[in-house]
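Beneath this line is the structure, given in structure tokens, with notes to follow.
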Amino acid sequence: MKVFVIDVAKCNGCYGCQVSCKDEHCDNEWLPYAKTQPETGHFWMKMNEKVLGSVPKVKMSYVATPCMHCENAPCKEATKNGSVYTREDGLVIIDPEKAKGQKQLVDACPYGAIYWNEKLQLPQKCTGCAHLVDEGKLPRCVDACPTDAIRFGEEAELKELIGKAEVMKPELGLMPKVYYLNLPKNFVAGAVFDPIDDECLEGVKVTLTAVGQSKNYIATTDGFGDFWFKRLDAGTYALRLEKEGFYPFSMKSFEVAESVNVGDIALNKKLD
Amino acid sequence: LKGIGWLGFGLGANTAAVDVKDGKIIRIRPFHYEDKYKREHMKPWKIKARGKTFEPTMRSLIPPFSIVYKQRVYSKNRILYPLKRVDWDPAGERNTQNRGKSKYARISWDEAATLIAEELQRVQKKYGPYSVLAAADGHGEGKCIHGPHGCQTHLLDLLGGYTLQARNPDSWEGWYWGAKHVWGTDPVGQGIQNNLWLDCSENTEMMLFWGCDPETTPWGWSGQAASRLCYWFNEIGIETIYVCPDFNYGAAAHADKWIPVRPNTDSALQFAIAYTWITEDLYDKEYVATHVHGFEEFKKEVMGETDKIPKTPKWAEDICGVPARIIKALARKWHKQATSTAHCNGGSYIRSTYSHEPGRLEVCLLGMQGLGKPGRNQLKMIEWQFFALNEQMPGPRSEVIPNVAGAYHGWAFTGNESLIPKTLIPQAITTEEPFTWYGSSIAGFPKEDQFVQYKFPIDDKNSTLHMIWSDEPCWTTCWNGGNRMIEALRSPKMECIVCQQPWMENDCLFADIVLPINTKLEEEDISTDVYAGEFNLVYHEGQCIEPLGESKSDYEAVGEVAKKLGLYEEYTKGKSIEEWVKEGFDHSGIENMISYEEFREKDYYVIPTADGWENDPRGFGPFAEDPVVHPLDTPTGKLEFFSTDLAKYFPDDKERKPVPQWIPFGESHSESLLHPRAKKYPYLIVSNHPRWRVHANLDDCAWLREIPTCKVKGPDGYLYEPLWINPIDAKNLGIKYGDVVRIHNDRGWTLGGAYVTERIMPGVIYQDHGSRLDPIVAGESDRGGDNNLICPGMITSKNCAGEVTSGFLVGIEKVDVNELRAQ
Ligand SMILES: Nc1nc2c(c(=O)[nH]1)N[C@H]1C(S)=C(S)[C@@H](COP(=O)(O)OP(=O)(O)OC[C@H]3O[C@@H](n4cnc5c(=O)[nH]c(N)nc54)[C@H](O)[C@@H]3O)O[C@H]1N2
Ligand SMILES: Nc1nc2c(c(=O)[nH]1)N[C@H]1C(S)=C(S)[C@@H](COP(=O)(O)OP(=O)(O)OC[C@H]3O[C@@H](n4cnc5c(=O)[nH]c(N)nc54)[C@H](O)[C@@H]3O)O[C@H]1N2
Ligand code: SF4
Ligand code: SF4
Ligand code: SF4
Ligand SMILES: [Ca+2]
Ligand SMILES: [Ca+2]
Ligand SMILES: [Mo+4]
């Protein structure tokens, strides 16, 4: 069984995967697996980028998303004439001859991986570059990835990585053959300073509590007074800052729907 | 095999494999070194540090630009036939005022070559040979035999000469005009690089990416090895800090911390760091005593003894936007931890007004912390092995740095009796009076050249300019003040303008005759790749497809004109392309490592890593160890915080004194928020090297244009050049994502598509440079986002003919495109 393993932490956002997929499939026909892709508008490999946080606590996430080559593929069920099939190696293919006119396939994919080719009246998507795989070569996007963020190979060989990986929308139970490492989550970040001396405060103990779960995360501020809590789930959180000689500071219950920069927080010195 | 990079100058890069079928390009993909050589031959290097290992891959790490190049080859903008402007009549009215307005008609090669030959002869006879300007520099396709820029200079030499558009050190202005005078480093003023990957891997604790985007600008001609290097630095725990106004793409992938700084205010920040070190006694006093010349004068400047401004962190905060407490924290960390700075070329940190100040201040800061001691150097992320120098190679050394200059027909950074810095061209075109300046300004020339006075025209016997032959027609979207250039190009003095280019873009719109040039995929050539950072390569480049339309290479196009002048034999030296390939190989540096026959059979050669590279000296290490035995190339052999040369040659220059200054505005410039002009134009613009182009190249590739940060679709469907604006400013101005925004100042205006984002600090806007000129009223307004049209026209400072292309004042406002169209 062939699988993709995509390590988001290794992705530099170069879009090499997205454009190499176009270079392979636009104006090139790879029968029996695919007819030509329109010059623009299709993203058989789609790079999804997002900006997280706010100045100056900003991060970016880049997630490369091809067809998930689901084992239980709903696109297969949506076809009228068996125009979608799974190869022996697990790659899911839309047969470009049989699928003509079957626009309903586009909506059948819960990952939005199928695109409609108006000119050819054809639903189209990532073929796993089956035409190259047949020749013992790597899919274009994999060969083009400069950081090896996208891996492709036998399930058995990549077992160790798969063990640590997640899939997109696991709740749907579609058993995708595209695995992800380090999928983006949320962060809470901020900075602490002493307003009287105008200094960054190092060594402040920062406690982040997931409200209602009584789960605590602890961080210590660095030389810039910065603290970061990474890889958090969305939810309600509370924050408490403490340092000896300073009045503590708390933020009660704030929502983390997306990553947040709570800003620069002043801790006041105890005057004795 | 093709090198699909855009350095030009006969240097290939971004080696790619091009698959071709039935005369059509199928795909462009990474090239795999192991196709015909074994690892044992290549001797891949290994860097071991902190318990981990870093190694090269076995394939070329090409950027997305190379992958999409098929779209550039088959672009609808390709010029397929020679063209003549319809209302330009060499025998009658030339209608120079209509350049940029009138249409073109197809003519034959025969007619085009004859017209050019006749005009050359007429103009040179009437006004002398130096009345013809050869605009023959510029980046672009890495062709060698077919030399993308400068073929015409060889023909003009045979005709008795020409005036050279001297390529100023646009990439390195601040280092060239400033840093060189502190640490003496020719050719371009950046630091010595030997073996710094190893030194940083072993010793550096903090790396300051200061005006550096290693995920964008290596793409032009180094590929993506820098990306892997940055991941390696992250992996071994080097603290990575980005100092820049925008959260650039390198920061997006690698930053542990982003310190936003207002454009071109870095010198305030730098001074405040020095202030913290001096007042808190946190610098390497022993080193300064033995390695620095003029520290006391510098200290006076920092403490404000000369200008009554103590450069405190609090003072700097209001100017540069970095809180004083962050400045102090950064200064203390820099002292405590072994710190190196990292740059590509420095960006607009060293490309704005008075850029020599931040350029040399950085060297002073590095000096105060023991430049050259383990982990304390200045690392470059691009242009490895520049100028074929090992000293420019931070990575493991290769057995040889090859070059195929023997086959090269372009311009090669040499002088010429008559020359004009590229930054002064508009002035030179319109002038009637002779004018002078200092320094040939040619990038790579030794620093002593900066003290020589030049003049145009060189003497009374020579006339001013009357004809231009350009093979780099993008001055208007790449240089300092494009609107002024447009005005100059329409001058009645300019009797004939010839442009040759593959695509109908930018300055081509102002030409009288346009020659159709083909891309390198349509020609055979020989090339090297010395920038990839993994292995050095030499390869033969086969022809992939037939030339489109009637296009020819630059070398061949100039050859057509040479034929009309009876100079073809001399121009080609009687050699065929095949013979030139051999000539290139014969002097490449690998001619004794492999036979020509085997080279042609395999089509490429991978040069092995040199044995013993680990023991090479590291950056400024030798100087740090013993400044007497290993002096710098400065008059005193030391780091000159006080420059003896500047004191000697320019004692009265208030804009570049012997010691670095805080100079927000002055005689030449008023581009600072501290200047009253800021009331009218309250934003500073950052204009970086384009993420999705190489300058003017690649603006028309549809696959790039659909990337969200490449173009923003306006309400009218036009793809505008993105203009980044912080949500706070956007709210104040009533601007939302996708709105069309006007960017203006007293030099004109252009448009952008609003990209509201936390990736830019408040008060600052960012728009890449090089977007294709799309004039509304040529010389005044533009739709394409060509912000170079409104860059300051003045040079860096009084005696430095550098460009100022970012960090200048603009106003911004939302525009209603329908209303604008109605007007
Ligand atoms: N705002 C702003 N402006 C800047 C800078 C900045 O940071 N901000 N940076 C500056 C810097 S560092 C640089 S290097 C310059 C770059 O300025 P240039 O070097 O002038 O820019 P390029 O786009 O590389 O120029 C190449 C031109 O040659 C054409 N070309 C490409 N291949 C060929 C060929 O084979 N034959 C012919 N005849 N033509 C060809 C291209 O289409 C293009 O018009 O821009 C400078 N300007
Ligand atoms: N993709 C791509 N690659 C290229 C080129 C290209 O056009 N496109 N051009 C090539 C050429 S000719 C050159 S010279 C190199 C250029 O390489 P660089 O000079 O390094 O590139 P820039 O994009 O000008 O600037 C780099 C970064 O400087 C930061 N910056 C801008 N203004 C300021 C400032 O005032 N202060 C500080 N601290 N930071 C600032 C921005 O974050 C920007 O991302 O790249 C080469 N490679
Ligand atoms: S991702 Fe969509 S198109 Fe791909 S196999 Fe699953 S359901 Fe089908
Ligand atoms: S495997 Fe092939 S078709 Fe699928 S995303 Fe990658 S390049 Fe595109
Ligand atoms: S090619 Fe690799 S590094 Fe580049 S965007 Fe795609 S996954 Fe990320
Ligand atoms: Ca030819
Ligand atoms: Ca010298
Ligand atoms: Mo440059």
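Each chain gets a letter, A, B and so on, in the order the sequences are listed, and its residues count up from 1.
Defined by atom type and a distance below 3.5 Å, a donor-acceptor pair is missing between the side-chain atoms of A/Glu29 and A/Thr36.
Comment: B/Glu239 engages B/Lys333 in a salt bridge, judged by a side-chain N to carboxylate O separation of less than 4.0 angstrom. One finds a salt bridge joining A/Asp198 and B/Arg325 here, because a Lys/Arg side-chain nitrogen approaches an Asp/Glu carboxylate oxygen to under 4.0 Å. Ionic pairing of A/Lys269 and A/Asp197 is present here: one or more N-O contacts between side-chain nitrogen and carboxylate oxygen are shorter than 4.0 angstrom.
Only the side chain of B/Arg691 comes within contact range of chain A, judged by heavy atoms closer than 4.5 Å. Heavy atoms of B/Lys336 lying under 4.5 Å from chain A are absent altogether. Contacts between A/Lys10 and chain B at a heavy-atom distance below 4.5 Å involve the backbone alone (N, CA, C, O). For B/Thr216, no part lies under 4.5 angstrom from a heavy atom of chain A. Contact annotation for A/Ala9: only backbone heavy atoms (N, CA, C, O) come within less than 4.5 Å of a heavy atom of chain B. With a 4.5 angstrom heavy-atom cutoff, B/Thr709 touches chain A only via side-chain atoms. No part of B/Ala225 comes within reach of chain A, as not one of its non-hydrogen atoms sits under 4.5 angstrom from that chain. B/Asn726 touches chain A through its side chain: at least one heavy atom from C-beta onward sits under 4.5 Å away, while N, CA, C and O do not. Both the backbone and the side chain of A/Glu199 have a heavy atom closer than 4.5 Å to some heavy atom of chain B. With a 4.5 Å cut-off on non-hydrogen atoms, A/Cys17 does not touch chain B at all. Contacts between B/Lys24 and chain A at a heavy-atom distance below 4.5 Å involve the side chain alone, from C-beta outward. Interface remark: A/Glu202 contributes no atoms to any contact with chain B (heavy atom separation under 4.5 Å). At a 4.5 Å heavy-atom cutoff, the contact between B/Ala253 and chain A is made by side-chain atoms alone. Contacts between B/Ile241 and chain A at a heavy-atom distance below 4.5 Å involve the side chain alone, from C-beta outward. For B/Asp256, the part sitting under 4.5 Å from any heavy atom of chain A is the backbone (N, CA, C, O) and nothing else. Contacts between A/Asp143 and chain B at a heavy-atom distance below 4.5 Å involve backbone atoms as well as side-chain atoms. Both the backbone and the side chain of B/Arg27 come within contact range of chain A, with heavy atoms under 4.5 Å apart. Heavy atoms of B/His32 lying under 4.5 Å from chain A belong exclusively to its side chain. The part of B/Ile760 that comes within reach of chain A is its backbone (N, CA, C, O), which places non-hydrogen atoms under 4.5 angstrom from that chain.
Closest of all the heavy-atom pairs between A/Arg231 and A/Leu183 is NH2-O, 2.9 Å. Summarising the geometry of A/Ala234 relative to A/Asn186, their closest heavy-atom pair is N-ND2, 3.4 Å, with the distance given to 0.1 Å.
Classification of the A/His42-A/Trp44 ring pair by plane angle, with boundaries at 30° and 60°, yields tilted. Using cut-offs of 30° and 60° on the angle between ring planes, the pair B/Phe65 and B/Trp692 is perpendicular.
Highest contact tally toward chain B, considering only A/Asp148, A/Asp27, A/Val51, is held by A/Asp148 [criterion: heavy-atom pairs under 4.5 Å]. Considering only heavy-atom pairs separated by less than 4.5 Å from chain A, the leading option among B/Ile26, B/Val68, B/Ile25, B/Ile326 is B/Ile26. Ranked by heavy-atom pairs under 4.5 Å with chain B, the first of A/Val58, A/Asp264, A/Val19, A/Thr147 is A/Val58.
With B/Tyr755 as the aromatic partner, B/Lys711 does not meet the cation-pi criteria of under 6.0 angstrom to the ring centre and within 45 degrees of the ring axis. Remark: B/Lys257 is positioned above the aromatic ring of A/Phe224, its terminal NZ or CZ atom under 6.0 angstrom from the ring centre and at most 45 degrees off the axis.
Note: B/Phe31 and B/Tyr33 meet the aromatic proximity criterion, with ring centroids under 6.0 Å apart.
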